[in-house]
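See structure below.
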There are 2 protein chains.
Amino acid sequence: MNASPRRKELTRLAAQLFVQEGFDRTTVRMLAQEMGIKSGSLFHHFKDKQEILAAVIEEGTQNALAIARKALAECAAEPEMRLRAMARAHLETLFTDRNAHVVALFEWRRLDPAASAHLSHLRDAYEALWVAVIDDALAAGLIHGDRFLVSRFVLGALNWTVRWYDPNGPRSPDDLADELVAMIMPTPA
Amino acid sequence: MNASPRRKELTRLAAQLFVQEGFDRTTVRMLAQEMGIKSGSLFHHFKDKQEILAAVIEEGTQNALAIARKALAECAAEPEMRLRAMARAHLETLFTDRNAHVVALFEWRRLDPAASAHLSHLRDAYEALWVAVIDDALAAGLIHGDRFLVSRFVLGALNWTVRWYDPNGPRSPDDLADELVAMIMPTPA
DNA sequence: TGAGTAACCAAGCAAGCGCTAGTGTGAGTG
DNA sequence: CACTCACACTAGCGCTTGCTTGGTTACTCA
């Protein structure tokens with residue numbers, strides 16, 4: 001709904017706390033303190049604690065969509081390049097908007113049905129991009145397997161990186177993406 | 001600690017509720033009702049709400065270890081068979097003890113430090129089995145890539161199945177495991 | 001200058017939380 | 001028979017929760 005700069009900043013802070021503590025354990029008083037205001041004032045910006053969660057997830061998912069579309073628009077047409085670009089874009093958004101995405105991945109169930117329905121459309125749009133890229137790669141004989149299973153496995157492997165990957169380590173997210181693509185391609189580069 | 005049959009049954013029920021509602025949203029009163037007792041009586045079996053969580057996770061992880069060891073002991077010595085056996089074992093335990101594993105995967109952070117330290121050893125033992133199998137497969141030229149990355153990616157893809165896989169669907173967990181192994185092997189069967 | 005508004009605060013309510021204290025009760029044991 | 005002990009109950013304490021209410025401040029713009 002609203003998208004004031006103040007609200008955006010509060011949403012960013014909320015995402016951080018939700019990751020640290022989990023949605024349920026994060027109290028409105030903790031949120032308010034982190035934002036430098038009192039707990040009552042929170043409800044001037046958000047009608048609900050739920051609405052804060054929805055704002056965090058929406059923000060992250062919108063960014064993911066934007067980055068993926070941009071990456072696909074800019075990259076070459078070969079299926080291999082598109083697959084690599086998509087994997088790179090996924091990890092890029094996963095680690096630049098890390099907090100928002102961790103919340104989206106692990107606190108989705110806390111959304112009330114209305115918010116969940118609305119955000120599901122966004123997520124479906126994102127996954128549709130993936131399925132299209134996987135289909136092209138399959139058609140080109142680049143990879144093999146069931147289109148449905150392959151995309152689930154690949155997304156699972158990528159999403160799970162938030163549980164172990166250290167962005168300060170020696171490997172860049174792009175390296176990671178390339179390694180995964182190489183792993184599922186019959187012919188090593 | 002204790003392992004009375006009554007306590008085991010209560011642990012099973014708790015796992016189910018923790019999956020349905022999440023650990024934080026599951027109140028001791030809900031747990032008690034599901035178990036057919038009053039909330040106060042719960043604390044005769046467990047000293048803490050925390051201890052219930054630890055019991056659930058321990059149960060699941062012990063089973064995973066036992067099943068994986070058995071599978072490895074019974075299967076042939078070829079790296080490919082061992083890899084397939086390990087993947088199958090992983091999905092088998094993931095879906096026969098589904099509730100416990102979902103809790104272990106997504107509520108681990110709610111453990112207090114003491115319980116977490118204790119259970120980490122169990123999990124490390126399990127992951128060590130995986131790394132050994134992956135190492136053999138790499139050495140045999142069966143798959144390619146970094147040993148660390150490959151095991152993380154594979155475990156991620158497998159663990160993520162709890163988010164989308166429907167055990168009542170047409171595909172069996174064994175099919176799933178075989179498809180994943182095939183996906184990362186250069187030579188399609 | 002003064003009306004309108006976005007942002008905030010102080011105070012607190014009703015409900016729900018984990019957990020404790022004290023008390024049966026019925027089955028098993030000497 | 002007396003005794004224990006696992007198991008369950010009732011009652012409620014002390015605290016935290018999300019959220020509301022009524023009012024204040026600071027800024028914008030006609």
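Here is the naming used below: chain letters follow the sequence lines, and residue numbers restart at 1 for every chain. Since we're looking at a predicted model, the values are computed, not measured.
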Checklist entry - side chain to side chain contact (heavy atoms under 4.5 Å, CB included) with B:Ala115: which residues, sequence neighbours excluded? => result B:Ala54, B:Leu111, B:Asp112
Next on the checklist: Under the side chain to side chain donor-acceptor pair (under 3.5 Å) definition, can you give me all pairs with a residue in residues 147-159 of chain A, not counting sequence neighbours?
Outcome noted: A:His90-A:Asn159, A:Asp135-A:Arg147
Checklist entry - Any side-chain heavy atom of B:Met183 sitting closer than 4.5 Å to one from A:Ile143? => result no
Checklist entry - Using a heavy-atom distance cut-off of less than 4.0 Å, which residues of residues 9-24 of chain B contact DNA chain D? => result none
Item to check | Distance in angstrom units between A:Phe46 CZ and C:dA6 P, rounded | outcome: 16 Å
Checklist entry - Please give, in whole Å, the distance from C:dT20 P to B:Leu42 CG? => result 12 Å
Checklist entry - Choosing from C:dC8, C:dC17, D:dC7, which nucleotide comes nearest the side chain of B:His44? => result D:dC7
Checklist entry - Given C:dC9, C:dA7, C:dG18, which nucleotide is nearest the side-chain atoms of B:Val28? => result C:dG18
Checklist outcome for this item: Residues pairing under side chain to side chain donor-acceptor pair (under 3.5 Å) where one sits in residues 11-20 of chain B, two or more places apart or in two chains, turn out to be B:Glu9-B:Arg12
Item to check | By side chain to side chain contact (heavy atoms under 4.5 Å, CB included) - contacts of B:Thr61 (at least two apart) | outcome: B:Ile57, B:Leu122
Item to check | salt bridge (charged side-chain N to carboxylate O under 4.0 Å, His left out) partners of A:Arg163, counting only residues at least two apart | outcome: none
Item to check | B:Glu34: partners by salt bridge (charged side-chain N to carboxylate O under 4.0 Å, His left out), with sequence neighbours left out | outcome: none
Item to check | Distance, rounded to the nearest Å, where A:Lys49 contributes NZ and D:dC19 contributes P | outcome: 8 Å
Next on the checklist: Expressed as a whole number of angstroms, how long is the span from A:Leu31:CG to C:dC8:P?
Outcome noted: 14 Å
Next on the checklist: I need the CG-C1' distance between B:Asp48 and C:dC19, as an integer number of Å.
Outcome noted: 9 Å
Checklist entry - Does any residue of residues 110-119 of chain B have a heavy atom under 4.0 Å from DNA chain D, and if so, which ones, in number order? => result none
Checklist outcome for this item: Note: for A:Ile37 and B:Phe43 on DNA chain C, the residue whose nearest nucleotide lies more 5' is A:Ile37
Item to check | OP1 or OP2 of C:dC17 under 4.0 Å from side-chain N/O of B:Arg25 | outcome: no
At a cut-off of 3.5 Å, list every protein nitrogen or oxygen paired with a nitrogen or oxygen from nucleotides 10-14 of chain C, distance to 0.1 Å.
none

Item to check | Selection residues 154-179 of chain A - residue pairs positive for ring pair (Phe, Tyr, Trp, His ring centres under 6.0 Å), sequence neighbours left out | outcome: A:Phe95-A:Tyr165, A:Trp164-B:Phe148
Checklist entry - Hey, is the side chain of A:Arg6 poking within less than 4.0 Å of OP1 or OP2 on C:dC8, counting only N and O atoms? => result yes
Checklist entry - Between A:Met35 (CE) and C:dA7 (C1'), how many Å, whole number? => result 14 Å
Item to check | salt bridge (Lys or Arg N to Asp or Glu O under 4.0 Å) pairs, two or more places apart, involving residues 16-32 of chain B | outcome: A:Asp24-B:Arg25, A:Arg25-B:Asp24, B:Asp24-B:Arg110
Item to check | Spacing of B:Gln33 atom CD relative to C:dG16 atom P, expressed in whole Å | outcome: 14 Å
Checklist entry - Do A:Val56 and A:Glu107 come within less than 4.5 Å of each other through their side chains, counting heavy atoms only? => result no
Next on the checklist: According to side chain to side chain donor-acceptor pair (under 3.5 Å), who are the partners of A:Asp174, at least two apart in sequence or on a separate chain?
Outcome noted: A:Arg88
Checklist entry - Is a salt bridge present between B:Lys70 and B:Glu74, judged by a nitrogen-to-oxygen distance below 4.0 Å? => result yes
